[in-house]
Structures are given as structure tokens and as C-alpha cells.
Amino acid sequence: MKMTKLIYLFAVPLLVASCISEEAPITDASDHFFKVSTANPDIQQIVFLLKQKNDSVEFTSKFINAYGYPMWENARSFCENKRKVYAIPVKNLNSDKEIEAIWYFSIGRTRTHYHIYTRKMADVITRQIGNEVEQTWMFDYFTQYALHKKPVSGLTFINNKANINTRSWDWDSEENCELIYTAECGPYEYDTYYCWTEERLREDRDTDELIDGGGNGEGGDLDWGDGGSNNSSKKDTPRAKAIFRNSNMTEENWIIIENMLDKIVEDCMGEALYNELANLLNGKTLSIQFGASTTGSFGYQGESTGICLGRQMESNQLFHEMMHAYRAYQETTASYKESTLNGEIEAWYAQYLYTSNLPEYKDSKWEDRDNTDPRRRRIKSLTNYIDNKGNLLPGVNRTDLESKIKDDIVPTFHKYHYTADKYPFEYNRPGLENFKCINKLTINC
């Protein structure tokens with residue numbers, strides 16, 4: 001069977017604790033919630049800090065009613081961007097249910113961020129992005145690993161790192177992988193595998209802290225190490241809330257988005273992009289959310305119109321998705337769908353122009369990916385044909401540009417993940433027409 005390589009990353013900290021015993025009577029829900037059997041000092045510290053927070057503002061009863069009990073001893077650990085990471089399955093009070101919630105923690109130098117992720121959240125993202133397995137495989141994994149049940153999906157997970165070769169053009173990681181078997185597979189065949197990875201794919205994998213949650217104590221911050229104050233929690237977020245909406249967004253996440261927008265508007269094209277979007281929205285807003293997938297997306301249909309950032313939490317990724325949002329206003333629904341790859345090529349080029357203009361670009365991971373990813377190398381090579389405003393360079397004619405796009409860039413994208421059936425390219429558009437948004441946004445730059 002064809003094997004597909006997939007990576008899913010989660011920013012989370014260290015946690016392990018006692019599994020819930022169905023037979024043992026629970027005399028105090030809070031005590032049971034914080035019962036830890038591991039001697040791991042990081043685990044002890046996280047649970048200790050959560051208990052301190054609960055003593056100040058009680059949240060465990062709401063958390064338990066909404067999600068269930070954290071299964072500390074079944075935590076799955078890995079590292080991401082040199083941070084300690086843990087995913088904690090949460091067992092529903094209904095013992096017949098599979099794992100439907102996972103509590104994530106990410107240990108930073110002075111603060112630990114945490115958030116909840118549920119199947120319902122995954123369903124919303126699936127409707128916007130598609131590919132349900134990408135958003136939900138970790139629930140099935142914990143159903144088998146923590147509850148010792150066969151998930152309804154039929155997936156089976158087998159840890160077999162030694163038999164997996166993960167070295168290929170776009171991989172740079174040390175992984176613990178799970179082979180995935182479905183009912184259709186024979187006893188010695190597997191469909192694919194999923195990896196809890198130490199470092200992410202180079203392509204489109206720029207990640208910062210992720211904090212999600214609502215009012216049940218499932219999202220927030222814990223002081224870590226020397227503690228330290230976080231004055232950013234008092235920051236206003238006018239830019240973010242002027243163009244985005246999410247009724248369940250924590251203030252910490254609004255601040256993250258605001259900081260990204262602050263950085264974007266320091267760039268001339270970025271400032272025009274934000275202002276033009278705000279003008280086009282005319283008081284309306286785009287939805288914004290964070291998903292478990294490693295990729296971001298822009299959805300443009302009905303009430304779901306908006307951005308999903310996935311785990312990519314750097315400003316250049318938000319810039320990329322905002323370019324799609326701006327382009328949606330320059331197209332009809334039909335023309336947008338018929339030219340999806342045209343829009344991707346422009347968004348990638350605009351993202352390259354933005355990122356390469358940052359003072360920290362030199363010798364950075366962004367420069368590295370632009371020189372190693374086959375698609376990004378092609379996008380970077382557009383600087384030999386057009387300038388940073390989308391105009392032809394002296395000595396370059398339109399035929400040269402169109403040949404570069406149709407004969408080199410499009411085949412490369414279609415080969416690597418942007419398949420023709422999902423990302424059609426409109427071949428009848430003149431070459432420069434593919435960069436009309438950049439041209440408009442940089443008219444005063």
C-alpha cells in the first residue's frame with residue numbers, strides 16, 4: 001500500500017500522573033484530579049502549579065464536567081523547538097466514550113502555556129480544511145494507548161520507529177512514530193504512519209506558542225522556573241479585534257495575534273494588506289482559530305470565512321493567509337476556486353518578500369527553508385523575473401515569466417503536496433496577472 005508521511009506537532013509541557021481507576025471510589029474530585037504518582041520533577045511542578053491556580057480560582061469541577069479527568073500517567077512526551085512537550089489524554093465521565101479531549105502543555109523558560117483540544121474543535125477544522133484523519137488521529141491513538149480500546153475509526157497504532165525511514169527531501173527530525181493499520185490492511189501491511197516529532201518539517205512549519213481555551217480552566221499560563229511577570233496580558237488588541245473574531249479566544253491568544261499584526265504593519269506591503277482588508281471588511285470580521293494540523297488555511301464560504309493558523313504562529317504565516325483573504329475580494333467565488341494554485345504562488349511570493357525583508361532573516365531558519373524546499377526555491381527564483389512590486393524586471397519579457405511559472409513552478413507545486421485536483425492552476429491568465437494583489441498593495445511602497 002502507498003505510504004504517506006505525516007507529521008503532527010503539539011506545543012506542550014511535562015506531565016504524568018495517576019490513571020483513573022473505574023473501581024476506586026472518588027471521595028474528592030479535586031484530589032483525584034491532581035493525584036500524581038510519578039516522581040518526575042517537571043510533572044510534579046506542573047500539577048503543583050495547577051493546584052495553586054485552582055486554590056485561587058476553582059476550575060476543576062467545570063473542567064471535569066466539560067471534559068473529564070486528565071490521565072497523567074498516559075501522557076505522550078516529545079520535544080518541539082527545544083521545548084519539553086506533553087499531550088495529556090482526558091477521560092470522559094462516560095466510560096463508554098473514546099478519548100475526546102487532549103490537554104496540551106508547553107514548557108517555556110519562564111512560563112508554561114496550556115490549552116485543550118477536542119474532537120468538536122477538530123470537526124470545525126475538518127469542515128474548513130478537510131482531511132479528517134489529520135485533525136483527529138491523536139484521539140484514536142490515545143483511545144488505544146490509554147483506554148486500551150479499538151477506536152471506532154478502525155485505526156491501529158504500532159510503535160515501530162526502527163522500521164521507518166524518515167530521511168527524505170523535506171525531513172529533518174528524530175521521531176517516535178506509530179504505524180497505522182486499517183481494517184483493509186493485511187497483517188504485514190500498513191497504510192501510513194504518524195510521528196511525534198522533535199523538529200518539524202522545514203516547509204511551512206514556523207511555530208510559536210499556542211494557547212487556546214475558554215472559561216473552564218483548560219487554557220492559560222503558569223509561571224515556570226524563576227517565574228517572571230508577563231505584562232503583555234494587559235495589552236490592548238485593537239488591530240486583531242478590528243478584523244478577526246472568535247468568541248472563545250483567550251486574551252493570551254488575542255495578544256499573540258496582535259503582536260503578529262504589529263510586526264506585519266511594520267512592513268510597507270504588510271501595512272497596506274492590513275489596511276485594505278480592514279477597509280474591505282467595512283466593520284465585519286473574519287473568523288480566526290488555531291487547529292491541531294501543522295498547516296494553516298483560509299476558508300471563504302459563508303460564516304466559516306476566515307483563517308485557521310494551525311500550529312504556525314509566526315507573523316509570516318498569518319501574512320500568507322491574509323493574502324488569500326485579500327485575494328478573495330479580488331475574485332469571484334468561481335474564479336477563486338478555478339485558480340487556487342495561482343493564488344498560492346502569489347501568496348508564497350508575497351510571504352517570501354515579507355520574510356526576506358525581516359532583519360532576522362539572514363542565516364535564519366527561514367533563509368534555510370527558502371534554499372532547501374523545492375517549492376520555495378522556485379518561488380525565490382521569481383526575483384530573477386519580477387521585482388518586489390510584481391513588475392517585470394528590465395530585460396525580461398512576459399513569455400519568460402509565463403514559461404517559468406507554467407513549466408517549472410506549477411509542476412513542482414503539483415509534485416509536492418499541492419496536487420492538481422485540489423489546487424487547479426488557471427493557465428489562461430497572463431503571467432503578471434498572478435501578482436496583481438502584490439502590485440496593488442505595493443503601489444505606494
Side-chain angles (χ1 to χ4, degrees), residues 169-170 202-204 264-276 315-317 319-324 326-331 335-336 338-418 420 423-445:
W169 69 268
D170 56 359
R202 291 193 187 103
E203 43 151 354
D204 295 335
I264 286 172
V265 299
E266 291 177 359
D267 178 85
C268 183
M269 178 166 51
E271 181 181 25
L273 175 60
Y274 176 85
N275 290 336
E276 285 299 311
S315 63
N316 71 85
Q317 195 275 336
F319 182 99
H320 179 111
E321 302 306 337
M322 288 172 63
M323 282 295 297
H324 286 312
Y326 176 71
R327 177 176 177 266
Y329 281 95
Q330 319 302 314
E331 305 276 350
S335 68
Y336 187 98
E338 293 166 356
S339 60
T340 307
L341 187 55
N342 303 67
E344 288 293 344
I345 291 171
E346 181 176 35
W348 280 53
Y349 185 59
Q351 183 180 9
Y352 167 74
L353 295 176
Y354 168 78
T355 308
S356 61
N357 195 43
L358 294 173
E360 62 266 32
Y361 179 77
K362 181 68 175 175
D363 297 323
S364 68
K365 60 184 178 182
W366 304 299
E367 185 177 35
D368 177 65
R369 74 178 184 182
D370 290 334
N371 293 327
T372 55
D373 185 307
R375 297 159 303 174
R376 292 189 183 277
R377 289 204 304 268
R378 268 67 174 189
I379 292 297
K380 181 180 179 181
S381 69
L382 283 171
T383 56
N384 297 320
Y385 298 83
I386 56 177
D387 61 19
N388 58 6
K389 294 187 176 185
N391 299 313
L392 286 174
L393 292 174
V396 178
N397 59 51
R398 294 174 184 268
T399 302
D400 294 334
L401 174 63
E402 290 172 359
S403 297
K404 173 66 178 178
I405 295 172
K406 295 176 182 178
D407 299 335
D408 186 22
I409 296 178
V410 171
T412 301
F413 269 72
H414 281 165
K415 180 179 179 181
Y416 295 111
H417 308 301
Y418 286 75
Y423 295 90
F425 182 81
E426 175 52 66
Y427 286 92
N428 293 327
R429 294 194 179 199
L432 287 177
E433 186 72 9
N434 293 303
F435 306 98
K436 64 181 182 180
C437 292
I438 292 176
N439 192 259
K440 290 180 180 179
L441 292 172
T442 57
I443 193 169
N444 293 319
C445 294

- prompt: Counting heavy atoms not belonging to Arg398, are there more than 12 under 6.0 Å from its CZ?
  reply: no
query: Where is the tightest heavy-atom contact between Cys437 and Met323, given as atom of each residue plus distance?
result: CB-CE, 4.1 Å
- prompt: Does any non-hydrogen side-chain atom of Glu276 lie less than 4.5 Å from one of Lys440?
  reply: no
query: Can you tell me if NZ on Lys415 sees more than 12 non-hydrogen neighbours from other groups inside 6.0 Å?
result: no
- prompt: So, Ser339 versus Arg327: side-chain donor-acceptor pair below 3.5 Å or not?
  reply: yes
task: Please test Asn434 against Tyr349 for side-chain hydrogen bond (donor to acceptor under 3.5 Å, both in side chains), starting from the C-alpha separation and ending with a verdict.
output: CA-CA 10 Å; Asn434 293 303; Tyr349 185 59; over 6 Å; no
- request: Could you tell me whether the side chain of His324 reaches within less than 4.5 Å of the side chain of Tyr336, counting heavy atoms only?
  value: yes
query: Which pairs with one or both residues in residues 390-413 pass ring pair (Phe, Tyr, Trp, His ring centres under 6.0 Å), sequence neighbours excluded?
result: Trp348-Phe413, Phe413-Tyr418
- line: Contacts of Asn384 meeting side-chain hydrogen bond (donor to acceptor under 3.5 Å, both in side chains) (sequence neighbours excluded), chain-then-number -> none
message: I want to check something: taking the side chain as every heavy atom from C-beta on, are Leu273 and Asp267 in contact at a cut-off of under 4.5 Å?
response: no
field: Minimum side-chain heavy-atom gap Cys268-Glu271 below 4.5 Å
entry: no
query: Does Asp387 come within less than 4.0 Å of Lys389, counting only side-chain N to carboxylate O?
result: no
Min side-chain heavy-atom separation Asn342-Glu433 under 4.5 Å: no
message: Whether the Gln351 and Asn316 side chains hold a donor-acceptor pair (N or O, under 3.5 Å, no angle test) is what I'd like checked.
response: yes
- prompt: Got a donor-acceptor contact below 3.5 angstrom from the Thr383 side chain to the Lys380 backbone?
  reply: yes
- prompt: Is Tyr352 close to Arg376 at the side-chain level, that is, under 4.5 Å between some pair of heavy atoms?
  reply: no
task: Would you mind reporting whether Ile345 and Val410 have side-chain heavy atoms less than 4.5 Å apart?
output: yes
query: For the side chain to side chain contact (heavy atoms under 4.5 Å, CB included) test, which of Ile405, Asn391, Thr442 pairs with Phe435?
result: Ile405
